[in-house]
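Letters go in sequence order (proteins before strands), and every chain restarts at 1. Basis for what follows: all heavy atoms, side chains included, without hydrogens, waters or symmetry-related copies.
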Amino acid sequence: MATTEAASVTPEILAEPPKEAEPHLILVDGSGYIFRAFHALPPMNRPDGTPVNAVFGFTNMLAQFLTKHASSHIAVVFDASRVTFRNAIYDQYKAHRPEAPPELAPQFGLIREATAAFNVACVEREGFEADDLIAAYARAFEGKGGQVTIVSSDKDLMQLVRPGVQLLDPIKQKPIREPEVLEKFGVSPDKVVDVQALAGDSTDNVPGVPGIGIKTAAALITEYGDLEGLLAAAPQIKQPKRREALIAHAELARISKRLVTLDAAAPLPHPVDELVARPPEPGRLAGFLREQGFRSLLHRMGLDGDAQPETAPVSRPRYNAPSPSLAPAAPEPEAAPAADAAPFGGYETITEAAALAPWIAAAREAGVMGLDTETDSLDALHAKLVGISIAVAPGRACYIPLGHGAPPGNGDMLQEAPAAPVQMSQAEAVAALKPLLEDPAVLKVLHNAKYDLEVLCRAENGGIAVAPVDDTMLISYSMEAGRHGHGMDELSALHLGHQPITYDTVTGTGRARIPFGQVALDKATAYAAEDADVTLRLWQLLKPRLRPDHALALYEQVERRMVAVLRDMELAGIKVDGAELARIGEDFSQRMVELEKQIHELAGRAFNIGSPKQLGEILFDEQKLPGGKRGKAGAWGTDAAVLEELATRGHALPRRVLDWRQLAKLKSTYVEGLAAQIDPRDRRVHTDFSMAVTSTGRLSSTEPNLQNIPIRTEEGARIRRAFVAEPGHVLLAADYSQIELRLLAHLADVPSLRDAFAKGEDIHSRTAADIFGLAPDKVDREARRRAKTINFGIIYGMSAFGLASRLGIPPAEARSIIDAYFSQYPGILEEMERLKSEAREKGYVLTPFGRKLWIDGIQAKEQARRGNAERAAINAPFQGGAAEIIKRAMVRMPRALQEAGLKARMLLQVHDELLFEVPEGEVEATAECVRTVMEGVAALRVPLKAEIGHGANWGEAH
DNA sequence: CGTTTCACG
DNA sequence: GACGTACGTGAAACGT
């Protein structure tokens, strides 16, 4: 933590600064420092609750600075206002800068106080940025023959670097002179503004020239001297894209240059002489530090000489804010104000049953409530409940802390270890809330309900079976998959125009992160109750849109029902044989050591095989193997396709590297990664299925991802065999056969393919016979392989080039195969074209079941990006249609199994496969039940088919 | 933190 | 005339 790393500050700073031979001005970029300190340091609060982390960081820095770098002159420079002369040049300048976070706002004033307490001049001026004033003072001081040090890491200040002017990074304590600028911008300091003019700056909204970044800009400026030289020569530039961009956006570049160029002629708020360094007045400085509770600083500066009972905080943090009682009138949903009318904030912290009762009554009266839980972990399986928030109307929400401990001790901030805040016991709160949360007459609205339901249903968290439920994340996903993300913060900004407090702001990040249960109650309430409030408002706004958007059935009958199904699958987990994984890992290690030896020998020297960069240099620079291609970053490509090609030409090294890479991948990702995820309580791994991340309606799986467990090679299959059934059980795997191709036959209505599926024939052989004009018995393996490749390629929107490279044939030949394909199956060509134009016109395509899938980039001007979007549009209905079919099977499955009296548990879904754990005696009956559900879930123009197997482990079940 | 590679469907 | 080139995911390692 920064507080403990701070170098000691000795009392010398209180003495007169030593006279330097040469005048030296230190200019501290106060504004830049404040933001960095705020984000870099963990949250800290004064005893009265005022946040002071940035103040502490600033004070500590200034104290250190005055000790180490005695100077003749010093000032701290601040931004005075948001609006400056740059806004007149370009109205978008810094337009997207969010307001300062609420925890930072009160610290600005304190930092000016700190500066004054050190007897250092504060400099600011309306209409100018701190950077301009710094530039102006630097020039003025240099004019007097002095040295200037600017304490800042802001790259915008690098243009000021010259022999008499240097920057100093206050956090890294690293000087920034010409070489550092050259490294950052690729040009000397006097050309920095020209580079910035071209490259722009997204954080400040400086536009620059589209498509040109720092690298390109530096190369251009080096070649043409400066911006005007470049713009004059623009028509002669060879790269067409770059040329067009420079010509079209010349004026934008000129404006950008004016925006980034600091105004060294800015009027000085004080004459330079007034910035002369003066020693602090000890009394005033001590008073300030004491007020903030910075005891360690007081001590280090020798300002705490006397015992100081009077410096102890006068008040302990107040955890129990007086709670205004609820207005007696019940909320009226119909008459409720528009979702964005009520203000956010002003939420109540509930610490006793009497205060909770009116909220429960209000929720009952309303019939709908927002609900959110706070826990000590993102992992629902281990998460311990630390609080519950409920919202009964927009702007009316409360937080019920249940497991909050004391905030983390911080020697500087608090005099004595604080006690845990007063709060309701979990048992008491659960007793009061359970009837409400299980009340069928009260709808509970959550965002990502699966998580909260998983937490609340666990016995140690009260065993609450929340119902009925709506989920705003899924409501949004049902209508707008692929259009944007569906996290609460994003939806709130999008639909409510409100940026909620982020989790990271409340808990801090990285090493400084504290568990939510240690967050002070006022901050916890502001965050947690707001989430329930936002959730309820989103529901009011989005739920009514489902029906007109034709997404109500999808949401209610598929997505919402998936919540409980997936919750049970995640809770169930799947058993993994850790000992077997360890044996596999040992074997892989030995083989890797052997391979590594051989590879280094073949290479003629040792290198890191895991580094694509080093490998590329070995293969193509040193060994001069043919066929190397550089990627866009200039590095040699070394992926499996490249190495495979080299290996087939008889080179020994690439083959060994391929083998090594496979083992390295399997070992790190699966053997070690998976072993680390085994829950010691049940020796099972519990994945987290994400319901709203894919653009196609598929699920995804994380921590661990159980949807990409190896199977294709023997080494990989060993890992899959480490997934086992409990004793007395087997694993049963049920795969949809060719589901996407069945959807192709259905959607494009292809008679021959429909016929093949109806008769249960091999679909790729049928395709081969059709497009190559062969009799069914003349289709050989090669013809079938080619037909299979093209069948899959079609679903992916493949080009002739792509098919050619997959099949290793000339593009012209690929072209004629594709032509034959489309002339045999004209409906498919028609369908592909229809999907592209649908996407272009509406922005989305529909799955066969009516789910809208939004296609990002379909209107893009760049050909490559638009091409990607068109292929995505072609693929989406097939991938999405398949996803929907299996989801429908999944929501029916638990009931079907139960009605058949079967004890099988569904464990995993892998896009077209379901995996079950089944008692040994029930295998046949379960297979029959699963088959009936899966095949009966949709009536297409072709039959659906499920292929079912079982075994002691996942490998054998296939 | 972005890039590269590779595991799956 | 150049560029990119098969869809959708998530995890690990490298190197800046």
Side-chain angles (χ1 to χ4, degrees), chain A residues 183-184 238-244 481-482 607-616 631-643 657-658 661-674 676-677 687-690 693-713 715-717 719-720 735-736 738-740 789-807 811 814 818 835 853 855 862-880 882-883 886 908-913:
Chain A
E183 189 187 341
K184 169 83 189 170
K238 290 201 194 70
Q239 299 89 333
K241 229 174 180 170
R242 197 171 287 177
R243 182 176 63 235
E244 299 310 323
F607 69 104
N608 182 354
I609 308 168
S611 162
K613 182 165 168 276
Q614 294 181 31
L615 177 64
K632 54 182 172 223
W636 295 108
T638 66
D639 66 17
V642 171
L643 298 186
V657 172
L658 282 167
R661 271 203 186 151
Q662 189 201 14
L663 295 172
K665 175 84 174 180
L666 295 177
K667 183 159 176 282
S668 68
T669 305
Y670 298 101
V671 175
E672 288 156 5
L674 210 51
Q677 296 275 358
T687 188
D688 180 3
F689 287 108
S690 300
V693 303
T694 72
S695 57
T696 58
R698 273 189 180 179
L699 300 176
S700 79
S701 160
T702 63
E703 284 182 302
N705 181 355
L706 295 184
Q707 291 183 318
N708 71 345
I709 298 304
I711 192 172
R712 290 173 185 173
T713 66
E715 285 77 13
I719 288 165
R720 193 167 277 230
D735 286 58
Y736 274 115
Q738 310 285 15
I739 188 161
E740 294 190 5
T789 302
I790 188 172
N791 268 335
F792 278 112
I794 287 297
I795 309 175
Y796 296 147
M798 180 179 56
S799 63
F801 181 97
L803 181 64
S805 74
R806 293 272 155 161
L807 289 179
I818 291 176
L835 287 168
L853 301 174
I855 307 298
E862 307 93 317
Q863 192 183 309
R865 185 151 169 246
R866 199 176 58 246
N868 286 336
E870 285 174 353
R871 291 190 297 276
I874 288 171
N875 176 254
F878 303 109
Q879 196 181 114
I886 198 165
L908 296 179
Q909 185 250 47
V910 192
H911 309 310
D912 64 358
E913 168 188 2

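Within the nucleic acid shown, Thr789(A) comes within 4.0 Å of at least one base atom, counting heavy atoms only. Within 4.0 Å (heavy atoms only), Ile711(A) reaches sugar-phosphate atoms of the nucleic acid but no base atom. Contacts of Ala800(A) with the nucleic acid, taken as non-hydrogen atoms under 4.0 Å apart, are absent. Counting non-hydrogen atoms under 4.0 angstrom, Phe878(A) reaches nothing in the nucleic acid. Nucleic acid contact for Glu740(A): none, since no nucleic acid atom lies under 4.0 Å from a heavy atom of the residue.
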Whether each nucleotide of nucleotides 8-16 of chain C has a protein heavy atom under 4.0 Å at its base (B), only at its sugar-phosphate (S) or at neither (-) is summarised, 5' to 3', as BSBBSSSSS
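Close to dC6(B), at under 4.0 Å from its OP1 or OP2, lies a side-chain N or O of Arg661(A). Using a 4.0 Å cut-off, no side-chain N or O of Arg712(A) falls inside it from OP1 or OP2 of dA7(B).
As a whole-Å value, the separation of Asn791(A) CG from dC7(C) P is 17 Å. We find that CD of Gln909(A) is positioned 17 Å from P of dC8(B), with the value rounded to whole Å. Whole-Å rounding puts the Glu244(A) CD to dA2(C) C1' distance at 12 Å. Rounding to whole angstrom units, CZ of residue Arg866(A) and C1' of dT5(C) are separated by 14 Å. Between the CD1 atom of Ile609(A) and the P atom of dT5(B) there is a distance of 15 Å, rounded to whole Å. A straight line from CG of Leu706(A) to P of dC8(B) spans 14 Å, rounded to a whole angstrom. Taking atom CZ of Phe792(A) as the reference point, atom P of dT5(C) lies 22 Å away to the nearest angstrom. If you take CD of Gln677(A) and C1' of dA7(B), they are 16 Å apart, rounded to a whole angstrom.
Thr713(A) pairs by the side-chain hydrogen bond (donor to acceptor under 3.5 Å, both in side chains) definition with Gln662(A), not counting sequence neighbours. Applying the ring pair (Phe, Tyr, Trp, His ring centres under 6.0 Å) criterion to Phe792(A), with sequence neighbours excluded, gives His764(A). Applying the salt bridge (charged side-chain N to carboxylate O under 4.0 Å, His left out) criterion to Asp688(A), with sequence neighbours excluded, gives Lys450(A). Take Glu715(A) and apply the salt bridge (charged side-chain N to carboxylate O under 4.0 Å, His left out) test, not counting sequence neighbours, and it matches Arg591(A).
The CG atom of Asp912(A) sits 7.0 Å away from the CD1 atom of Ile739(A) when rounded to the nearest 0.5 Å.
Nearest heavy atoms, Gly482(A) versus Ser695(A): CA-CB, 3.9 Å.
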Starting at the 5' end of DNA chain C, write a dot or bracket for each base, bracketing those in Watson-Crick or G-U wobble pairs whose two distances are under 3.5 Å and using | for partners on another strand. ......|||||||||.
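Looking at Arg806(A), its side chain comes within 3.5 Å of the base of dA6(C) through a donor and an acceptor atom.
The gap from the P atom of dT5(C) to that of dT4(B) amounts to 12 Å, rounded to the nearest Å. For dT3(B) and dG4(C), the P atoms lie 15 Å apart once the distance is rounded to whole Å. Using P as the reference atom, dT5(B) and dA6(C) are 16 Å apart when rounded to the nearest Å.
For Gln614(A), the CD atom is densely surrounded, since the number of other residues' heavy atoms within 6.0 Å is greater than 12.
Residue pairs meeting the salt bridge (charged side-chain N to carboxylate O under 4.0 Å, His left out) criterion with at least one member in residues 633-642 of chain A, sequence neighbours excluded, do not occur. Residue pairs that meet the salt bridge (charged side-chain N to carboxylate O under 4.0 Å, His left out) test with at least one member in residues 662-672 of chain A, sequence neighbours left out, are Lys667(A)-Glu672(A). Counting only residues at least two apart or on different chains, the salt bridge (charged side-chain N to carboxylate O under 4.0 Å, His left out) pairs with a member in residues 869-879 of chain A are Arg840(A)-Glu870(A).
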